[in-house]
There are 2 protein chains.
Amino acid sequence: MTPAEKIFAIERFQSSDSAPLYLRLKKLVQDAIVADELKQGDSVPSERDVAELLQVSRVTVRKAFLELVSEGLLVQKRGSGTFVGNPKPRFEQPLSRLTSFSEDMRLRGLKTEAQWLSRETRLPTPEESLKLSMSPSEYVARFHRLRSANGEPLAIEDAVIPHKFLPDIKSVENSLYDALDANGFRPVRALQRLHAVALDAVEARLLDLKEGSPALFIERVSYLPDGRIVEYTRSHYRGDSYDFVAELNLAPEAKS
Amino acid sequence: MTPAEKIFAIERFQSSDSAPLYLRLKKLVQDAIVADELKQGDSVPSERDVAELLQVSRVTVRKAFLELVSEGLLVQKRGSGTFVGNPKPRFEQPLSRLTSFSEDMRLRGLKTEAQWLSRETRLPTPEESLKLSMSPSEYVARFHRLRSANGEPLAIEDAVIPHKFLPDIKSVENSLYDALDANGFRPVRALQRLHAVALDAVEARLLDLKEGSPALFIERVSYLPDGRIVEYTRSHYRGDSYDFVAELNLAPEAKS
DNA sequence: CCAATTTGGTATTGGTTTGGTATTGTTGTT
DNA sequence: AACAACAATACCAAACCAATACCAAATTGG
């Protein structure tokens, strides 16, 4: 018996409960998530498979899944499947702010400029497909720019957005998030990964530095409320002019 | 039977697993690397050869190889072939957790080592006085160490604590926060500032890198519940092995 | 040096799997 | 009797998987 068959066991589903079938299934999935039997990112059996396991129609399964999707517990993608979403940020308190470069600079009172290196609609690279969880045949909008503040180049930013969230790439003038917001697709959270790198010749020239100079490399994936990935951005921040500041709180589980 | 034929044996490839062919092949290669059957730099049979061995199309093999390439496990060169890459593990630290290096590594189940570079009580430098908001005539305890995980140097840490919070500097064996906790002075929050730097000759030698290699420089000031500053630490994390990860939430005030 | 060969790289197509929608029938409630 | 909720069947379309065919860089051998 596979884990999925265990979770979607007809015995769990059939109960003395007289609730409608779709509500019972909904609760079954909720309980499995709470019990950590289904974790974020896990794939859920297809609607047809669940329908067969539980001996109900696929539309009944669908109705249950749709409610879970609207609550962020599940994420669905036609042709791909159904996956457990991330309904709640892992940390109890927001510790860092999700802002775009423009907003960040504005908050600091700096005048920003952006030089377009590339702004185009094209197909994603395999790596971008993976990070964005999208089909390689689905178009993306790419915004590649050199960001400066007070006339000084500070960062190279390479953002990739699924085209469907930003049909008019010309609408992005300064703030990427403003443009996404205008289309009703503002991200609410993101996962960011960063480490130090040495700039290659091209990057160094753009940032007015020597090849090999240290830079902060940041890779970010951001999410809509319903769990869909809306942005994948890679940035290089020059090491000598850009500090990231974070205010931290004690991690409760770190108590020894 | 050559080693390659053994690795890419159709028996290993065919399994009861119902996963797509390309994912099975991907896993086969990953497993061979983990088992050290394929080592860094080894050449991998050509796509056509693997396709023939496993009786699938070359594009199916290609799809598996492309994902492995994007993850750094394989490297491809047209006309030359496919080789095992250098998938060195990268350590990750959540950027939003206030933990010491020891706790962080322990949470990951890694064996950590620390080599003392310096552990002494002395007067603070002017910079340290400023950061700690203390009198230059007040003693501090300094803990300067090279931190490693699994035998590999990862970070240089230079922590300064006002002496009054840590009278017995010998009590710090592994975790600085454990020792502070034992004295009732565990920090509850911190302000951290980070950017990329190039390692100088001394730092580079400690971390087994070339002078000028990129590193992440983190400066942290942490606070007791009553607002007193309890720690000022400067660390260098090598850029090639250490990722910081942050999960972010939308800043409400950033709405435009 | 150059043609042939080997290798990775790309475009296109068709079948299958998956989610998405429309419509219809049954049952309970008002 | 009318209506809403529940649950079904049937059909549509996006995405994935896997194939064939062709292109081009790099290597090899004469």
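Small disclaimer: the values here were computed from a predicted structure and weren't measured. Quick note on labels: first sequence line is chain A, next is B, and so on, each numbered from 1.
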Atom OH of B:Tyr22 to atom P of D:dA19: distance rounded to whole Å? 13 Å
One character per nucleotide, please: for nucleotides 22-29 of chain C, 5' to 3', B when the base has a protein heavy atom closer than 4.0 Å, S when only the sugar-phosphate does, - otherwise. B-------
Within 6.0 Å of CD in B:Glu52, more than 12 heavy atoms from elsewhere: no
Which of the following nucleotides, C:dT10, C:dG19, D:dA7, is nearest to the side chain of A:Pro20? D:dA7
Using a cut-off of 4.0 Å between protein heavy atoms and nucleotide atoms, how would you tag nucleotides 25-30 of chain D 5' to 3' with B, S and -? BSS---
Nearest-nucleotide 5' precedence on DNA chain D, A:Leu23 against B:Leu21: A:Leu23
Check whether the side chains of A:Glu231 and A:Tyr223 place a donor and an acceptor atom closer than 3.5 Å, and report yes or no. no
Report the distance from atom CD of A:Glu47 to atom C1' of D:dT9, rounded to the nearest whole Å. 15 Å
Both conditions, 6.0 Å and 45 degrees, for the charged tip of A:Arg24 above the ring of A:Phe13: are they met here? yes
Looking at B:Arg48 and C:dG8, is any side-chain donor or acceptor paired with a base atom of the opposite kind under 3.5 Å? yes
Anything under 3.5 Å between a donor and an acceptor, one on a side chain of residues 73-81 of chain B, the other on a protein residue two or more places apart or in another chain? List them.
unit_1: B:Gln76; atom_1: NE2; unit_2: B:Glu47; atom_2: OE2; d: 2.9
unit_1: B:Gln76; atom_1: NE2; unit_2: B:Thr82; atom_2: OG1; d: 3.0

A:Ser46 side chain, from C-beta outward: closest of C:dG19, D:dA18, C:dG8: C:dG19
Residue A:Thr82, side-chain atoms from C-beta onward, closest of C:dG19, D:dA19, D:dA7: C:dG19
Spacing of A:Arg147 atom CZ and A:Leu117 atom CG [to the nearest 0.5 Å]: 10.5 Å
